[in-house]
Structures are given as C-alpha cells and as structure tokens.
There are 2 protein chains.
Amino acid sequence: MIKSNPTRQKILESAFQEIHLQGFQAASLNSILTRSDVTKGALYHYFPDKQALGFAVVEELIKEAVLQFWLRPLEEASDPIDGLKGLINVAGKSLSDEDVLLGCPLNNLCLEMSPIDDGFRQRLKQVYELWREGFAWALRAGQTNGTVKSTINAMDCATFIVASLAGCRSLAKNAQSRDVLNACGQNLTLYLDTLQP
Amino acid sequence: MIKSNPTRQKILESAFQEIHLQGFQAASLNSILTRSDVTKGALYHYFPDKQALGFAVVEELIKEAVLQFWLRPLEEASDPIDGLKGLINVAGKSLSDEDVLLGCPLNNLCLEMSPIDDGFRQRLKQVYELWREGFAWALRAGQTNGTVKSTINAMDCATFIVASLAGCRSLAKNAQSRDVLNACGQNLTLYLDTLQP
DNA sequence: TTGATTACATACCAACCAGTATGTATAATT
DNA sequence: AATTATACATACTGGTTGGTATGTAATCAA
C-alpha cells in the first residue's frame, strides 16, 4: 500500500502543481490540501514531512517525466541528431501556455533548493545525470553508426544540450514568450547540426 | 539622500547576499538586518516594503553587474566572437567557489519570481533584454566589419547565448562542479565558432 | 533659537506556517 | 468475535514572518 495509492497520488500531483507554481519553500501544505481535496491527516499519513513530499515529487513525477519525454523516444531513434531535433520541435509545440509560463520543473527546483538542501540537490542531480547520460548514450550510438562526428566528447555535448534546454525555458518563462522559446530551440538545432560528420 | 547612502547600500548588499542564497521569498528581513548590522527602522526608512527592496536589488545591483561584466568589455572588442569567448573564459576563472554553488543571481530570481510577481518579472526582463541586446549589438557590429557571418539573426543568436550561459550555471550549481561549468562553456565556444564567416 | 524633517531604534502584532495530538471508521488478522 | 493496523479527519500549537506604532537623537531650515 505504500505505492500506487490513489490518495497518495492525488497529493503528489497537487504538490507538484503547487511547487511548480510557487517553488518548494513557498508551497503551502494547506494549499496543496485544498488543491487535492485531502486533509492534513491523510498527507502526514503518507509523508513524514514536507521535505519527504518534495523528494517524492522529484523521484516519482519529475524523473519519470524526463524519462518519458526525452529519453525513451530517443532510444528508438537511429540518428540521435535527427531524434533530438525532432524532440525539441515536439517540446516547443506540446508545451501548454502555462508550461511556458512556469518553466522547467526540474530546473526551477534545482536553482531553488540545491544550495540549501543537500538531499534535494542529490536527488535533482540524479535526474540531471540520467538526462545527460541518456543523451550521451544516444550520441555515442550515433558515433558508432556514423551519424555523429567521432571527435566530440559525447558527455560534454549532452551536458551542453541539457543546459541550453534549461536556459531556453528560463528566458521564455521570464519573457512569457513562445517566440523566445522557439528562437532558442532554433539555434540549438543549429548547434546540433555541427555535430554531424 | 535617496541614493548612494552608505546605510542604504549596506542593506542592499546584505539583501543581495541573502536573496542569492535563499531566494527572495525565503529571504528573511531579520536575517538581512543581522547581516548588515542595521535595524528594522532603518530598513523601513529606506524601503517601503520587502518587494521594493527586492526591486532595488535587481535594478541597482544585478543590472549593474551584467553591464559591468558582460556588456562594457564587449563594447571595446573589435571581434565579438573573440570577445565573447574571452569573457566566457574569464567568467569561468573569476567566479568564486561560492559563485559556482549559488548560480546566476539573475536567473535564480527569474525562475522564482516571474510567475508570481509581475513587477519582478518586468524588471528582470529589462535586465535580460539589456543583456541580449548588448550581445546582439556586438554581433551586428561584427557582421558590419566582417567578423561575423551575415546570414545569422543577431538577436536570436544573442538570446541563445544568454540562455546557454544561464543553463550552464544552473547545471554547475546543481552538480557543484566547476568542471561542468567549463565543459558547458567549452561547447558554447564551439557554437560561437560556427558564427564566423 | 526654534520648529521641522531626517534617520534611525525598539517593541509589538496579526497572519501564516509546518507539524502534532487525538479521535474514529473501516479493513485485515487471528 | 476480538484485536490490531490502516486510513484518514479535526483541532490545535509554537515559531517565524512581514509589517507597524511609537519614540528619539541629530541635522537642517527659517
């Protein structure tokens, strides 16, 4: 009964929304309870404290979202550069207006919590490393099958791509502009082209 | 007496430090007062409320730092690509360990405050636009003197460069690693090379 | 000299917060 | 049938927060 419980899941998803909007520290438990129509007793039945709730949001929702959107599709692509360009394109189109306004949940939490809570930092770092290693793995596969230049350092490239994606969403969030997001994505695909042999 | 007052300046700088570490919402006025060795009466004498203090930090400290570190040096460079590569290099070296751990003050505030306070958002946006326009101006100057490819869209490129810089510092902050920062900067300079004619 | 303004200092307050204590209906176990 | 554990629900608390009310010493203007 620890996992895949509907009440627990409702709490998790409401917590994700509240944290995505307000940040973790400013996220109010009472507000999460109102959102999910659940009581404080239920919350503290499933999570020992606010921090544990935050950790669960990172490990169960955010990590899963990265896997599902960025990594699994890329595993099936034969040309990683084509695959990445496609994903960037899809990302720009599939993000809702609210998603543009709220930015990347991983990066938001990252900037807020990394310096003040090492438990958060390590869990967020795990997700970032999963992401970077997934991209690096795809780039190396491309180097093997000849779709990616053999001279590049796959992990460094992957890191830069993830960083740029995060940065693009930052600027778009501040500018409240899908155009900024697309202009950034456009230029990132130009960089990707330079990785071809 | 409204400006360049030593007490006011002390408050501003302590506020900057506290906000840089904790974020704006979590920044405690009492903690700022302890840092600056000033009393609440003094703080509320110079700033009507916490928000106004935050605005002043953005407009007087953060904006000025962007101008001084990124824009003024670039004005004097004859080749903007060389200039940018030099600045990225200097940035990587001149950042203190603490600076790496705390990340970019502008981007931190941006992600925290943009969705929940439009006054903050607009002031931060002004700084980002100053930054992007400064880079774009330099790139256009390069297009004129033949050091930059004429086919690129200067503003879009500038936006991408700023976004990537922000993203690099995000990942480095989370990883607590200067290596990540340098690897990202390295790849950003590779992108910059592709802007040459 | 005197009245007003500036530049703080101290004490206090209402609101909100995460967390707890206690109670209870239901379901599982023995 | 009796006992125990689960899954909540409600009421409360101590600590912190941004902000205010009030007071005062020093400076400036008339």
Side-chain angles (χ1 to χ4, degrees), chain A residues 1-58 60 108-109 112-113 115-120 123, chain B residues 1-58 60 108-109 112-113 115-120 123:
Chain A
M1 286 107 174
I2 271 286
K3 274 216 177 182
S4 82
N5 177 299
T7 303
R8 201 186 104 103
Q9 204 62 23
K10 264 207 299 183
I11 297 170
L12 266 184
E13 274 155 26
S14 300
F16 171 81
Q17 287 176 26
E18 172 82 0
I19 292 170
H20 197 194
L21 176 61
Q22 307 274 2
F24 175 76
Q25 296 174 94
S28 152
L29 293 186
N30 285 327
S31 174
I32 292 171
L33 297 177
T34 306
R35 270 179 200 274
S36 52
D37 201 33
V38 151
T39 63
K40 199 163 271 195
L43 197 161
Y44 278 93
H45 175 68
Y46 288 104
F47 304 96
D49 54 22
K50 193 189 179 188
Q51 191 192 43
L53 174 60
F55 288 179
V57 166
V58 173
E60 297 176 36
N108 290 353
L109 268 177
E112 182 190 0
M113 301 307 293
I116 58 176
D117 185 318
D118 210 61
F120 255 106
R123 283 162 178 85
Chain B
M1 283 102 172
I2 272 283
K3 274 217 176 180
S4 80
N5 177 300
T7 302
R8 202 185 103 104
Q9 203 62 23
K10 263 206 299 182
I11 297 170
L12 266 185
E13 274 154 26
S14 301
F16 171 82
Q17 287 176 26
E18 171 82 0
I19 292 170
H20 197 193
L21 176 60
Q22 307 275 1
F24 176 76
Q25 296 174 96
S28 150
L29 293 186
N30 286 327
S31 174
I32 292 171
L33 297 176
T34 306
R35 270 178 200 275
S36 52
D37 201 32
V38 152
T39 62
K40 198 163 270 195
L43 196 162
Y44 277 93
H45 175 69
Y46 289 104
F47 303 96
D49 53 22
K50 192 189 180 188
Q51 190 191 43
L53 174 59
F55 288 179
V57 166
V58 173
E60 297 175 38
N108 289 353
L109 268 177
E112 181 189 1
M113 301 306 293
I116 57 176
D117 185 318
D118 210 62
F120 255 106
R123 283 163 178 84

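Within every chain, numbering begins at 1; the chains are lettered A, B, ... in the order of the sequence lines, protein sequences first and strands thereafter.
- Rounding to the nearest 0.5 Å gives a distance of 12.0 Å between OG of B:Ser36 and CD of B:Gln9.
- The CG atom of B:Asn108 sits 5.0 Å away from atom NE2 of B:His20, with the distance rounded to the nearest 0.5 Å.
- Here CG of A:Leu43 is found 9.5 Å from CG of A:Leu12. Values are rounded to the nearest 0.5 Å.
- Inspection of the A:Glu112 and A:Gln25 side chains reveals an N or O donor paired with an N or O acceptor under 3.5 Å.
- Of the residues in residues 26-34 of chain B, none has a non-hydrogen atom less than 4.0 angstrom from any atom of DNA chain C.
- Atom pair A:Arg8:CZ and D:dT6:C1' shows a separation of 15 Å (rounding to whole Å applied).
- Between B:Arg8 and B:Glu13 there is no salt bridge, since no side-chain nitrogen of the basic residue lies less than 4.0 Å from a carboxylate oxygen of the acidic one.
- Not a single side-chain hydrogen bond (donor to acceptor under 3.5 Å, both in side chains) links A:Thr34 to another residue, sequence neighbours left out.
- Atom CD of A:Gln25 is separated from atom P of D:dT17 by 11 Å (rounded to the nearest Å).
- Taking side-chain N and O atoms only, B:Thr7 has a distance below 4.0 Å to OP1 or OP2 of C:dC8.
- Separation of atoms CG (B:Leu33) and CG (B:Leu29) is listed at 6.5 Å; rounding is to 0.5 Å.
- Figure legend: B:Lys50 and B:Phe24 shown as a cation-pi pair, the cationic atom lying under 6.0 angstrom from the six-membered ring centre and within 45 degrees of its axis.
- The interatomic distance linking B:Leu43 (CG) with C:dA11 (P) rounds to 18 Å, in whole Å.
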Anything under 3.5 Å between a protein N or O and an N or O of nucleotides 20-27 of chain C, put it in a table, one pair a line.
none

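- How far CG of B:Leu53 is from CZ of B:Phe16: 12.5 Å, rounded to the nearest 0.5 Å.
- Separating the CZ atom of B:Phe47 from the P atom of D:dT20 is a distance of 16 Å, rounded to the nearest angstrom.
- Note on the helix from C:dT1-D:dA30 to C:dT30-D:dA1: angle between the axes of the first and last five pairs equals 0°, rounded to 10 degrees.
- Heavy-atom minimum distance, B:Ile11 versus B:Phe47: CG2-CE1, 3.8 Å.
- For residues 14-43 of chain A, every residue pair satisfying the salt bridge (charged side-chain N to carboxylate O under 4.0 Å, His left out) rule, not counting sequence neighbours, is listed here: A:Glu18-A:Arg35.
- We find that CG of B:Asn5 is positioned 14 Å from P of D:dT27, with the value rounded to whole Å.
- Atoms OH and CG, on A:Tyr46 and A:Asn5 in that order, are 3.5 Å from each other to the nearest 0.5 Å.
- The separation between A:Lys50 atom NZ and C:dC17 atom P is 9 Å, rounded to whole Å.
- Near DNA chain D, meaning a heavy atom under 4.0 Å away, there are no residues from residues 11-24 of chain B.
- Note that B:Arg123 lies in the cation-pi zone of B:Phe55, set by a 6.0 Å cut-off to the ring centre and a 45° limit from the axis.
- Shortest non-hydrogen contact noted between A:Ala42 and A:Val38 is CB-CG1, 3.4 Å.
- Distances shorter than 4.0 Å separate none of the side-chain N or O atoms of B:His45 from OP1 or OP2 on C:dC8.
- As a whole-Å value, the separation of A:Asp49 CG from C:dA18 C1' is 9 Å.
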